[in-house]
Each structure stands twice: as structure tokens, then as C-alpha cells.
Amino acid sequence: MKDRLVILGARGSVPVSGKDCCRYGGHTTCFLAELAGQPIVLDAGTGLLRLPDDILARKELPLLLTHPHTDHLLGLPMSAYLKQPDARLTVYGADRGGKGVRAQLNCLMQPPLWPVRIDGFPARVSFRRLPAEGKIGPVTVRSIEGVHPGGVSLIRLESGKKSVVVITDCTLTDAFRPRALAFAKDADLLLIDGQYSEEEWAGKTFYGHNTWNAAAEFGRDCHAKQVRIVHHDPTHTDKVLDAASASLAAVRPNCRFAREGEVIRL
Ligand SMILES: [Zn+2]
Ligand SMILES: [Zn+2]
């Protein structure tokens, strides 16, 4: 099987819908990596509802969470995978706000906010702390802590042949950028948060995101072979992102705004 990554949701903050966001999509952050035959889901935004049938049919599935902000979890309450009694989901995430990953998910998924807890579905769900370095099947998983309100994990997956790096919800501050560059170095694919335009950036510097220009420059400087900008702002229509696409390509060829449903060969 070819190594690939599928963009299941590329929107940030909240999901959107409508004819003006069809091309880049409205579902929030969720990606499916398949490396050396091992599927790994990254984040569980509403894009999780687009999980392909062959992945739904897998008896075991790992889910890695960058952090527990709701735009990265909102697919779980209606996940078709969790409705299968013979399925087993292993959720990896860092401790956040003094809570382990199970307790974090149950902040969102318990009455009165939601009738079913994360461990109340037919599927078996287990929880692990996201390691600084570990293995999922043939894939090496690395993580470091990023710069975001409440914290965030940057994640790197490597199969020996191919590598994918996910840097969402992390501001590339001058102090942190060198560490992030080393972490993302030479990735076959970099997914990186570029939520804002330069004009929007003033006043949003502490929100924990980046401009798309800063994200593209980071992709150039870490020598990623392919770069996709993710976590599109809910107010950014297809027209806005199309208009900004040329500026990305000028910084780094092979750098584009991620489109929901896009399958990226590695
Ligand atoms: Zn987010
Ligand atoms: Zn966040």
C-alpha cells in the first residue's frame, strides 16, 4: 500500500458549511495518515465523520490528539467507529490542565453536555499518554510541546521511508522556531497552522496560531518536501484562500492550503 495522508478536516476553531467553503471544506481538524500499512488518525475534529469505510472496518485504530480544544474533538461524540462493539480505539494525548486524556474527553462527553461518556460506547476505548518517542506498529511517533494556550503537542510520524509532521495550533515564536524547525526537518509532508493573513495578525498574536506566510516560510526553512497549510479560519471563504494561494507558492513551491478530502501521496 502506498504511503499517504488524507485531509478529513482542515478548518480551525469551529466547523462551517455553505457554498462558499466547498473547496477547502468545513470540517474541523482531522487527518488520516497511512504509513507502512499502519493507519493513524491525528485529531478528532468533525472531519472524523469522514473516516473511510476501510478504516472503519479495522478492528484496532490509534488516535493521536494534539490537544483537547473542542475543534479537535468534536467528531468523537458521533463517531461511527465508536458504535462498533468489536472495534478498539486507543487514544493518545498529553496530560492537560491536570487531567489525563480520558478525563479531558469526558469534560466534553458527559451529561449535561452529551449523554454518552467516551468510555460508554460499544467500542472498547483505551487511553495512553502521548510519548516523546514511541512505536505504533511499524511507525515511530515523536512529540514535543508547542506554544498554544493550554498547551499542544507537535507530532512527527516516521515509517523509516516516509515522514509526516503535524504542527497545528502552535505559534512559531522566535524563541520556539529553531526547536520546531529541527523537529520538522526534511519531512516528506508538513501540515502547519496558518490561520491568519498578515492584516489579521495584529491583535491575534496570543491566540496560538500563525499567519499563512509565516507557516509557508517555516515549510521552506525546514525543507519539507510538501507543505499544506491547515486550521483555516472559519471566516475564510474559498475566495479568500484562493486569492492567498499565489503568495504561498511564491514562498515555497508545493505549499498549498489543505483541502478537505484531499489525498496526499508521500
Ligand atoms: Zn484548533
Ligand atoms: Zn487549540
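Every number for a ligand or one of its atoms is a count from 1 in the order of the listing.
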Shortest-distance N/O/S atom, D169 versus the Zn ion (ligand 1):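 Nearest N/O/S atom: OD2.
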
Of all N, O or S atoms in D71, which has the smallest distance to the Zn ion (ligand 1)?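 The D71 atom nearest to the Zn ion (ligand 1), restricting to N, O or S, is OD2.
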
N, O or S atom of D193 closer to the Zn ion (ligand 1) than 2.8 Å: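 Coordinating: no.
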
Metal proximity, H209 vs the Zn ion (ligand 1), N/O/S cut-off 2.8 Å: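 False for H209.
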
4.5 Å side-chain heavy-atom contact, L191 and I7: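 Side-chain contact under 4.5 Å: yes.
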
Quick check: does any side chain N or O of T46 sit under 3.5 Å from a backbone N or O of T28, one acting as donor and the other as acceptor?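 Looks like yes, one N/O pair under 3.5 Å.
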
Using only atom types and a distance under 3.5 Å, with no angle test, would you say the side chain of N213 pairs donor to acceptor with the backbone of S247?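 Such a contact is absent between N213 side chain and S247 backbone.
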
Rounding to 10°, state the angle centred on the Zn ion (ligand 2) that links ND1 in H69 with NE2 in H67.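 Nearest ten degrees: 100°.
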
Qualifying residue for side-chain contact (heavy atoms from CB on, under 4.5 Å) with E260, from R23, R50, R11: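 Among R23, R50, R11, the one that satisfies the side-chain contact (heavy atoms from CB on, under 4.5 Å) with E260 is R50.
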
Pick out which of D169, L42, L65, L48 makes a side-chain contact (heavy atoms from CB on, under 4.5 Å) with H72.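 Single pass found, and it is D169.
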
For the Zn ion (ligand 2): the N/O/S atom of H148 at shortest distance: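 Restricting H148 to its N, O and S atoms, the minimum distance to the Zn ion (ligand 2) goes to NE2.
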
